[in-house]
Amino acid sequence: MVKKQNQRKVLAVLAGGLVLGVGVAVTLAAWNDSEFATGTFTAGSFNLEGSTAGDVDANYSDHNVDDGDTAATLAFDLPADIVDNMSPDDAVYAGFWVRLAAGTTTGADLVAAGTTADPAATSNTDHLGYAIYALAPGATCNAASAVGTPIATGATLDAQAGVTTVPLLEGATAAVAGTAVQLCFAVTADASLEQGLETTATWEFTATSTD
């Protein structure tokens, strides 16, 4: 009787092991699979550059004083009888070309963002007014072309009004700069211009991407 009972226990244990073995086999047979997705995001490029010496590639550079550059020095043309000595009611003119640099991937809207000038107490800031015009391609900045509606004006050198937008186009390819626009500055002295004073004004232009 004892021997038969022991055999039954062994068989019971073996049976339990077989059942356990079946359970493990089912677990290992499960399948696992995953999917992954990734995206790469590349920003475009944007750069405004200017020239005071005509629409020639070699003459363009950056003049952003906020980035440590030096402001472009406008070359105002004076009549021969004036040379560099303005008198009351005289007017002088200077061109400044702006364009989107090669590699810029979007068009832009350009505006005159503001102007600063020497203190009126020690200069002719209050006796010099200005108007800025966007000229047609190939035009020369002078009294004949500085007509129509200006993109910005100032009754004095440290004031600004009448601001309108100038559209700028990006280049046809990444290796080509955008189409240049010439801005024509006309600065006029009033009847109260004071003798012997030197006055410096700086204009800021901002281009904002449109695409």
*Asks:* What class does the angle between the rings of F96 and H63 fall in, given that below 30° is parallel, 30 to 60° is tilted and above 60° is perpendicular?
*Replies:*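 Judged by the thresholds at 30° and 60°, the geometry between F96 and H63 is perpendicular.
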
*Asks:* Can you check whether L183 reaches W203 side chain to side chain, under 4.5 Å on heavy atoms?
*Replies:*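 With C-beta onward as the side chain, the pair stays apart.
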
*Asks:* Within this structure, what is the CD-OG1 distance for the pair E204 and T115, rounded to the nearest 0.5 Å?
*Replies:*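 OG1 of T115 is found 10.0 Å from CD of E204.
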
*Asks:* Hey, does the side chain of Q182 reach the backbone of A139 with a donor-acceptor pair shorter than 3.5 angstrom?
*Replies:*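 The answer is yes, because a donor-acceptor pair under 3.5 Å joins these two groups.
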
*Asks:* Would you indicate whether the side-chain heavy atoms of F205 and V98 approach each other to under 4.5 Å?
*Replies:*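 With C-beta onward as the side chain, the pair stays apart.
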
*Asks:* Please list, chain by chain and in numerical order, all residues satisfying salt bridge (charged side-chain N to carboxylate O under 4.0 Å, His left out) with D89, sequence neighbours excluded.
*Replies:*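 Residues passing salt bridge (charged side-chain N to carboxylate O under 4.0 Å, His left out) with D89: none at all.
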
*Asks:* Once rounded to the nearest 0.5 Å, what's the spacing between atom OG1 of T202 and atom CG of L74?
*Replies:*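 The OG1 atom of T202 sits 9.0 Å away from the CG atom of L74.
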
*Asks:* Which value, rounded to the nearest 0.5 Å, describes the distance between T104 atom OG1 and L169 atom CG?
*Replies:*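 Reported value, rounded in 0.5 Å steps: 12.0 Å.
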
*Asks:* Quick check: do C141 and L135 have side-chain heavy atoms less than 4.5 Å from each other?
*Replies:*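 With C-beta onward as the side chain, the pair touches.
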
*Asks:* Of all the heavy-atom pairs spanning Y133 and G148, show the shortest one and how long it is.
*Replies:*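 Closest approach of Y133 to G148, heavy atoms only: CE2-O, 3.5 Å.
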
*Asks:* Using a 4.5 Å cut-off on heavy atoms from C-beta on, say whether the side chain of T52 contacts that of T73.
*Replies:*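 They are not in contact (no side-chain heavy atoms under 4.5 Å apart), so the answer is no.
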
*Asks:* Is there a donor-acceptor pair closer than 3.5 Å between any side-chain N or O of T188 and the backbone N or O of A91?
*Replies:*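 Checking the backbone N and O of A91 against the side chain of T188, no donor-acceptor pair under 3.5 Å is found.
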
*Asks:* Atom CG of D190 and atom CG of D90: how far apart are they, to the nearest 0.5 Å?
*Replies:*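 Result: 11.5 Å between the selected atoms.
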
*Asks:* Taking S123's backbone N and O only, do any of them form a donor-acceptor pair with T199's side chain (distance below 3.5 Å, no angle check)?
*Replies:*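 Pair absent, no side-chain N/O of T199 close to backbone of S123.
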
*Asks:* Using only atom types and a distance under 3.5 Å, with no angle test, would you say the side chain of D118 pairs donor to acceptor with the backbone of T200?
*Replies:*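 Flag set: sc D118 to bb T200 pair under 3.5 Å.
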
*Asks:* Hey, any chance V166 and I132 share a hydrophobic cluster, counting ILVMFWY side chains that come within less than 4.5 Å of each other, even indirectly?
*Replies:*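 Linked within one cluster.
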
*Asks:* Mind checking whether L48 and L168 have side chains closer than 4.5 Å, heavy atoms only?
*Replies:*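 Yes, close enough: below the 4.5 Å cut-off.
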
*Asks:* For the pair N47 (side chain) and A101 (backbone), establish whether a donor and an acceptor sit closer than 3.5 Å, ignoring hydrogens and angles.
*Replies:*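 No; zero donor-acceptor contacts below 3.5 Å.
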
*Asks:* I want to check something: taking the side chain as every heavy atom from C-beta on, are T106 and E170 in contact at a cut-off of under 4.5 Å?
*Replies:*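 A side-chain contact under 4.5 Å is absent here.
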
*Asks:* Side-chain contact, heavy-atom cut-off 4.5 Å: L110 with V181?
*Replies:*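 Side-chain contact under 4.5 Å: no.
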
*Asks:* Test L128 against M86 for side chain to side chain contact (heavy atoms under 4.5 Å, CB included), laying out the working first.
*Replies:* CA-CA 10 Å; L128 293 165; M86 290 189 73; 4.2 Å; yes

*Asks:* Can you see which heavy atom on L193 is nearest to which on S87, and at what distance?
*Replies:*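 L193 and S87 have their closest heavy atoms at CD2-C, 3.7 Å.
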
*Asks:* Is there a path of hydrophobic side-chain contacts, each under 4.5 Å between heavy atoms of I, L, V, M, F, W or Y residues, that connects V187 with W97?
*Replies:*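 Different clusters.
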
*Asks:* Would you list the pairs meeting salt bridge (charged side-chain N to carboxylate O under 4.0 Å, His left out) in which at least one residue belongs to residues 51-60, sequence neighbours left out?
*Replies:*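 Residue pairs with at least one partner in residues 51-60: D57-R99.
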
*Asks:* Assess, by modelled atom type and distance only, whether the side chains of D158 and T156 contain a donor and an acceptor separated by less than 3.5 Å.
*Replies:*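 A donor-acceptor contact under 3.5 Å links the two side chains.
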
*Asks:* Please round to the nearest 0.5 Å and tell me the distance separating atom CZ of F185 and atom OH of Y93.
*Replies:*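 Nearest 0.5 Å value for the CZ-OH distance: 14.0 Å.
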
*Asks:* When you measure from the side chain of N142 to the backbone of A144, do you find a donor-acceptor pair of N or O atoms at a distance under 3.5 Å?
*Replies:*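 Answer holds: yes.
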
*Asks:* Work out which heavy atom in P150 is nearest to a heavy atom in A131; give both atom names and the distance.
*Replies:*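 What the structure gives for the nearest pair is CB-CB, 4.2 Å.
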
*Asks:* How many angstroms lie between atom OG of S192 and atom CG of N124, to the nearest 0.5 angstrom?
*Replies:*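 Output value for this atom pair is 9.5 Å.
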
*Asks:* Do you reckon V111 sits in the same ILVMFWY cluster as F46, going by side-chain contacts under 4.5 Å, direct or chained?
*Replies:*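 No, no single cluster joins them.
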
*Asks:* Of all the heavy-atom pairs spanning A71 and V65, show the shortest one and how long it is.
*Replies:*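 Shortest heavy-atom contact: N-CG1, 3.6 Å.
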
